[in-house]
Engineer: 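Handing you this structure, nothing more for now.
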There are 2 protein chains.
Amino acid sequence: MSDDTEDKARAATIFDVARLAGVSHQTVSRVVNELPNVRPATRQRVEHAIQQLRYRPSPAARALVTRRSRTIGLITSGGADFGPSSISLSFNRAAREARYAVSIASIVEHDPTSMRSALELLVRQNVEAIVLIAARTSMIDEAQSIEVGVPLVATASADRSGLHTVSIDHYSGARLAVRHLIELGHREIRHLSGPADSIDAAERVRGWRDELAAHRLRVVEPAVGDWTPSSGYRFGLELAADIARDASASVTGSAPATSPTGPTARSGASALDRATGVFSGNDQMALGLVHAITSAGLTAPRDLSIVGFDDIPEAEHFLPPLTTLRQDFTGFGRDLMSTVLAVLGDTDASDPAPRVPELVVRASTARPRA
Amino acid sequence: MSDDTEDKARAATIFDVARLAGVSHQTVSRVVNELPNVRPATRQRVEHAIQQLRYRPSPAARALVTRRSRTIGLITSGGADFGPSSISLSFNRAAREARYAVSIASIVEHDPTSMRSALELLVRQNVEAIVLIAARTSMIDEAQSIEVGVPLVATASADRSGLHTVSIDHYSGARLAVRHLIELGHREIRHLSGPADSIDAAERVRGWRDELAAHRLRVVEPAVGDWTPSSGYRFGLELAADIARDASASVTGSAPATSPTGPTARSGASALDRATGVFSGNDQMALGLVHAITSAGLTAPRDLSIVGFDDIPEAEHFLPPLTTLRQDFTGFGRDLMSTVLAVLGDTDASDPAPRVPELVVRASTARPRA
DNA sequence: ACGATCTGTACCAGATGCGAC
DNA sequence: AGTCGCATCTGGTACAGATCG
């Protein structure tokens, strides 16, 4: 009807509300911020006026005076992979529930200048904290060197000064993976790890190594991939070649010169003992690995048992369905937000305990052939 | 040295700069905003003071007075899937290059209240435009019903009033997929589509249907999945059962009562003509499909040729490696940002032409068995 | 005199129109 | 005409002070 209700020229301000309710503007402020000492009757009047004018406080004005933006910066360097994406999504939801906005800056991996510009963009925006997802050590180093002036929360296992971390227990997950293989009867268990400077990858390597050591099994240096299926494929090709050479060697009965003992020797394992199990740093590399050995005429799990990590939605339908470790990405995203809240002093919750991935046994693992 | 350089109490303001440079604060403003009518000498002095004080203009103050936040809202409803994630990432980078911040709100699908709250959060933040990714018609309806007051840009093919859209040419992509199958010699080509209210899915269905019609091939109503591998698996199970029943029928020579003509009849195809090709709405469903038919003792592409859509990084390493349509998600993300810029009047570029997906032929398709 | 309730004014950190040199 | 400064405005919050029962 009137030009008050359908005012599209400008959004209603706190003064408009005050005028309509017949109070002063900071009484409105008190109502909006739920401060005490406002009579119920006036509160009602103000609230009614707010409804009528569809008043929304301006975050800019608020941020200007409070010096708090109620937004947190999110830097992701993990590409479009399922893990980082899920975490971002979940974190984002948790942030919204806590009435925080989140401003993102995705950067390309291995690019320090990209990290620098992302950081600067976020601090310019006055974010109250910055969270780093899919962090590599180099990225964390870079971020810490910049002196942003706001708390940094990173997805990392390693504690550092001036950095808050929250993590999944990749170490225990890796041990679970290897133990599963060992319980199945495997003795030669290789590892295809993620990139060298990935903290998660390093933790997985450590778990694999420790579990092997706990069972006095031989540790062959892990192959290093880059999380992509293609890197798994390349490793699979090498592995298949090894296995084939090994098999032909045992058929001809002539062991290679490098190995005095025959490849079938059980204990005092020779360098050529045939791998029967592989723990892959993630599901994607496991996929490439299966592809490679299949192309080479081998089959999983008959010739090689494979366990992945992550349990991406596709893993259940790989051929064969992949045994893997399920990570609770959603819970992790929430954990991230709750530590941010703690760091900001909004809550006094202690750091959440790292979540332990859950072993999901499917069809890519079996007892080794006798 | 002095407490000027290492001032951690408060960031420098425009007044601090003005004092140090010996000018008034809005001369500083002029310099910062690169306005004319400033003598080079004073400009130098001011710039030097800016450097020295590490002055950064406050976005809050600036937003307050200009009513422009230089922030774009991004709503994603596509989960952690590769497509939506890639688009978000790429869009984000493009936005940063254009010196815009992006504030995200990921929502759960099929939840109108979630969409509403996301929208409100973003408008509260004074975003200048809102981008919708992985939009379903219901979500777009919901978004449009809310009257946000800022331009809406959605990833959709359908043009609507008050909505700017940018899209990939799913229609042409689907025709390419089907044509590939036809050229291979397939005549019975089924489609497993995405969810009914997905705009992309509908476009893919349309392309499939039209290409079939153009070759006067029979159109069997598409099965409807939900993009997940599991839905592909379920469809695959049904399909495999059909094929098995069909095969046994042709062996016993007794066609089911519903079909007077034999299943081997070429033209006037009976309802039971065996499907030899499937066009899957995305790669994940194709994966589940392959899994299902493999469990049923069939193999791709021997018994069934399958083509996917998206070309996710895993597709190359599926067993068999998947023939699919590659979408340029990265380019699409940039296109999104450039239409946002156009809508905002920052540039006068016209709407980018929809990108046509590229057929990538791998090993999941072959000639049908005679 | 006093606590609850409400108001006036001074900021926050910039942008902008107008006037002065 | 080209440079520059003054005053005013943006939309809130915070604190001191005023009014009232």
Side-chain angles (χ1 to χ4, degrees), chain A residues 7 9-47 49-50 53-71 99 101 123-128 149, chain B residues 7 9-47 49-50 53-71 99 101 123-128 149:
Chain A
D7 184 13
R10 210 181 59 227
T13 74
I14 199 172
F15 297 95
D16 300 329
V17 175
R19 200 180 319 118
L20 186 70
V23 296
S24 78
H25 71 279
Q26 71 296 45
T27 299
V28 178
S29 177
R30 301 181 139 264
V31 171
V32 170
N33 295 343
E34 292 171 347
L35 295 175
N37 295 349
V38 176
R39 213 181 321 170
T42 44
R43 165 156 301 173
Q44 286 252 328
R45 286 218 315 284
V46 171
E47 272 165 356
I50 287 175
L53 268 55
R54 287 209 187 84
Y55 166 71
R56 301 283 168 220
S58 150
R62 202 174 243 176
L64 180 59
V65 63
T66 61
R67 301 161 183 290
R68 300 204 53 187
S69 60
R70 276 204 91 77
T71 79
R99 315 205 323 116
V123 300
R124 256 191 190 67
Q125 285 182 68
N126 255 306
V127 297
E128 298 184 23
Chain B
D7 184 15
R10 211 181 58 226
T13 75
I14 200 172
F15 298 95
D16 302 328
V17 176
R19 199 179 319 119
L20 186 71
V23 296
S24 77
H25 71 278
Q26 73 292 46
T27 298
V28 177
S29 178
R30 290 224 164 96
V31 172
V32 170
N33 296 343
E34 291 171 348
L35 295 175
N37 295 348
V38 177
R39 212 183 318 169
T42 43
R43 174 171 305 250
Q44 286 252 327
R45 286 217 317 283
V46 171
E47 272 165 357
I50 287 175
L53 267 53
R54 285 208 190 85
Y55 165 72
R56 301 280 168 224
S58 150
R62 198 172 248 178
L64 179 59
V65 62
T66 60
R67 301 162 184 289
R68 299 204 54 189
S69 59
R70 281 204 85 81
T71 302
R99 315 206 325 116
V123 299
R124 257 190 187 67
Q125 286 181 66
N126 255 307
V127 297
E128 298 183 25

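As a basis for the values below, the full set of heavy atoms in this structure was taken, side chains included, without hydrogen atoms, waters or symmetry mates.
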Engineer: What is the distance from CZ of B:R30 to P of C:dT16, rounded to the nearest Å?
Structural biologist: 11 Å
Engineer: Check whether any side-chain nitrogen or oxygen of B:R62 sits under 4.0 Å from OP1 or OP2 of C:dA15, and answer yes or no.
Structural biologist: yes
Engineer: OP1 or OP2 of D:dC4 sitting under 4.0 Å from any side-chain N/O of B:T42?
Structural biologist: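 Indeed, a polar side-chain atom of B:T42 lies that close.
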Engineer: Among C:dT16, C:dC18, D:dG12, which nucleotide has an atom closest to any side-chain atom of B:H25?
Structural biologist: C:dT16
Engineer: Would you mind reporting whether A:R45 and A:T27 have side-chain heavy atoms less than 4.5 Å apart?
Structural biologist: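 Contact flag for A:T27/A:R45 side chains = no.
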Engineer: Side chain of A:L64: nearest nucleotide among C:dA10, D:dG11, C:dG14?
Structural biologist: D:dG11
Engineer: Separation of B:R124 atom CZ from D:dG12 atom C1', in whole Å?
Structural biologist: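 It is 15 Å, rounded to the nearest whole Å.
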Engineer: Please state whether the phosphate of C:dT7, meaning OP1 or OP2, lies under 4.0 angstrom from any side-chain nitrogen or oxygen of A:S24.
Structural biologist: yes
Engineer: Mark yes or no for a side-chain to base donor-acceptor pair under 3.5 Å between A:R56 and D:dG11, with no hydrogen or angle criteria applied.
Structural biologist: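 Looking at the base of D:dG11, it does not pair with any donor or acceptor on the side chain of A:R56 (distance under 3.5 Å).
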Engineer: Enter the distance from A:E47:CD to A:T42:OG1 here, rounded to the nearest 0.5 Å.
Structural biologist: 9.5 Å
Engineer: Touch check for A:T27, heavy atoms < 4.0 angstrom, all strands: base, sugar-phosphate only, or nothing?
Structural biologist: base
Engineer: When only distance counts, do a donor and an acceptor, one from the side chain of A:Q26 and one from the base of C:dG8, lie under 3.5 Å apart?
Structural biologist: yes
Engineer: What integer distance in Å separates B:R68:CZ from D:dC9:P?
Structural biologist: 24 Å
Engineer: Do any side-chain nitrogens or oxygens of A:T66 fall under 4.0 Å of OP1 or OP2 in D:dT13?
Structural biologist: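 Answer no for this pair, as no side-chain N or O of A:T66 is under 4.0 Å from OP1 or OP2.
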Engineer: In Å, rounded to the nearest 0.5 Å, how long is the span from CZ of A:R30 to OG of A:S24?
Structural biologist: 9.0 Å
Engineer: For residues 32-40 of chain A, which residues have at least one heavy atom under 4.0 Å from DNA chain D?
Structural biologist: A:N33
Engineer: State the CG-CD distance between A:L35 and A:Q26, to the nearest 0.5 angstrom.
Structural biologist: 11.5 Å
Engineer: Give me the atom names and distance for the closest heavy-atom approach of B:R124 to A:P59.
Structural biologist: O-CG, 2.6 Å
Engineer: Output the rounded distance in Å from CD (B:Q44) to C1' (D:dC4).
Structural biologist: 18 Å
Engineer: In whole angstrom, give the distance that lies between atom CZ of B:R19 and atom C1' of D:dG5.
Structural biologist: 16 Å
Engineer: For the atom pair CZ (A:R70) and CD (B:Q125), what is the distance rounded to the nearest 0.5 Å?
Structural biologist: 11.0 Å
Engineer: Closest approach to the side chain of B:F15, judged atom by atom: which nucleotide of D:dC4, D:dG12, C:dG14 is it?
Structural biologist: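 Nearest nucleotide to the side chain: C:dG14.
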Engineer: In whole Å, I'd like the distance from the CD1 atom of A:I14 to the C1' atom of C:dT9.
Structural biologist: 15 Å
Engineer: Can you tell if the side chain of B:N33 reaches within under 4.5 Å of the side chain of B:R62, non-hydrogen atoms only?
Structural biologist: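 SC-SC contact between B:N33 and B:R62 confirmed.
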Engineer: State whether a side-chain donor-acceptor pair under 3.5 Å links B:R56 with A:N126.
Structural biologist: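 Checked: B:R56/A:N126 side chains show no N/O donor-acceptor pair below 3.5 Å.
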Engineer: Between P on D:dA14 and CZ on A:R67, what's the gap in Å once rounded to a whole number?
Structural biologist: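 A:R67 atom CZ is separated from D:dA14 atom P by 12 Å.
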Engineer: Starting from P on D:dG11, measure out to CG on B:N126 and report it in whole angstrom.
Structural biologist: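 To the nearest whole Å, that distance equals 10 Å.
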